[in-house]
Amino acid sequence: QVQLVESGGGSVQSGDSIKLSCATFGLAFRLYAMAWFRQTPGKAREFVAAVDWSGPTKYADFVEGRFTVSRDNGRNLVFLEMNNLKPEDTASYYCAAALNFGMTTPNDYTYWGQGTQVTVSS
């Protein structure tokens with residue numbers, strides 16, 4: 001059974017940094033591009049960042065150079081480091097997997113984690 005498990009969320013202040021992790025289980029990790037989405041209550045789930053098997057990345061415009069997505073193919077892990085956080089970054093962050101890289105629509109992803117909450121206070 002495929003499982004994606006996010007961790008590392010928490011409460012921080014504006015300007016702080018936080019690093020999220022996504023552990024994968026039962027997934028042919030080498031075949032999948034990995035991505036991060038986020039969702040706030042009342043809002044649609046939106047694309048944040050994606051990383052392909054060999055390292056190429058893609059980011060949403062709102063990232064503005066503040067975030068870095070990476071993966072450890074030896075340990076089947078995905079990371080999202082977020083710097084200079086803003087209150088508007090407050091959301092539940094989800095890890096997702098797809099066989100193609102660079103997609104920004106949630107429906108294009110096959111597997112999802114349960115989410116981890118990030119709260120940024122001013």
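Quick caveat, the model's predicted, so the values are computed rather than measured. Residue numbers start at 1 and run along the sequence shown.
When side chains are defined from C-beta on, Thr90 counts as touching Gln117, because their heavy atoms get closer than 4.5 Å. Between Thr119 and Ser11, some side-chain heavy-atom pair lies under the 4.5 Å cut-off. Inter-residue side-chain proximity for Met34 and Leu4 is flagged as met; some heavy-atom pair is nearer than 4.5 Å. Glu88 places none of its side-chain heavy atoms less than 4.5 Å from the side chain of Phe62.
Under the side-chain hydrogen bond (donor to acceptor under 3.5 Å, both in side chains) test applied with Arg66, the options Asn84, Asp89, Asn83 reduce to a single match, Asp89. The side chain to side chain contact (heavy atoms under 4.5 Å, CB included) test with Leu27 singles out one residue from Asn76, Thr110, Val2, and that residue is Val2.
Counting non-hydrogen atoms of other residues, nucleotides and ligands closer than 6.0 Å to CD of Gln13 gives a total of 12 or fewer.
Residue pairs meeting the salt bridge (charged side-chain N to carboxylate O under 4.0 Å, His left out) criterion with at least one partner in residues 6-34, sequence neighbours excluded, are absent.
Cluster partners of Phe37, using a side-chain heavy-atom cutoff of under 4.5 Å among ILVMFWY residues and allowing indirect links, are Phe47, Tyr94, Met103, Tyr109, Trp112.
Residues Lys58 and Gly102 come closest through the heavy atom pair NZ-O, 2.9 Å. For the residue pair Ala49 and Leu80, the shortest heavy atom distance occurs at CB-CD1, 4.2 Å. Heavy atoms only, all atoms of each residue included: Thr40 and Ala91 are closest at OG1-CB, 3.6 Å.
For Asp52 (side chain) and Ser54 (main-chain N/O), no donor-acceptor pair under 3.5 Å exists by modelled atom type. A donor-acceptor contact shorter than 3.5 Å is absent between the side chain of Arg45 and the backbone of Pro106.
Placement of Phe25 and Val78 in two distinct hydrophobic clusters is found when ILVMFWY residues are connected by side-chain heavy-atom separations under 4.5 Å, directly or transitively. Tyr93 and Phe79 fall into different hydrophobic clusters, defined by Ile, Leu, Val, Met, Phe, Trp and Tyr side-chain heavy atoms under 4.5 Å apart, directly or through other members. Residues Leu99 and Tyr111 share a single hydrophobic cluster, defined by chaining ILVMFWY side chains whose heavy atoms lie under 4.5 Å apart. Hydrophobic clustering of Ile, Leu, Val, Met, Phe, Trp and Tyr side chains at less than 4.5 Å, counting indirect connections, keeps Val69 apart from Leu77. Phe101 and Phe29 fall into different hydrophobic clusters, defined by Ile, Leu, Val, Met, Phe, Trp and Tyr side-chain heavy atoms under 4.5 Å apart, directly or through other members.
In this structure, CZ in Arg71 is found 11.5 Å from OH in Tyr32, a value given to the nearest 0.5 Å.
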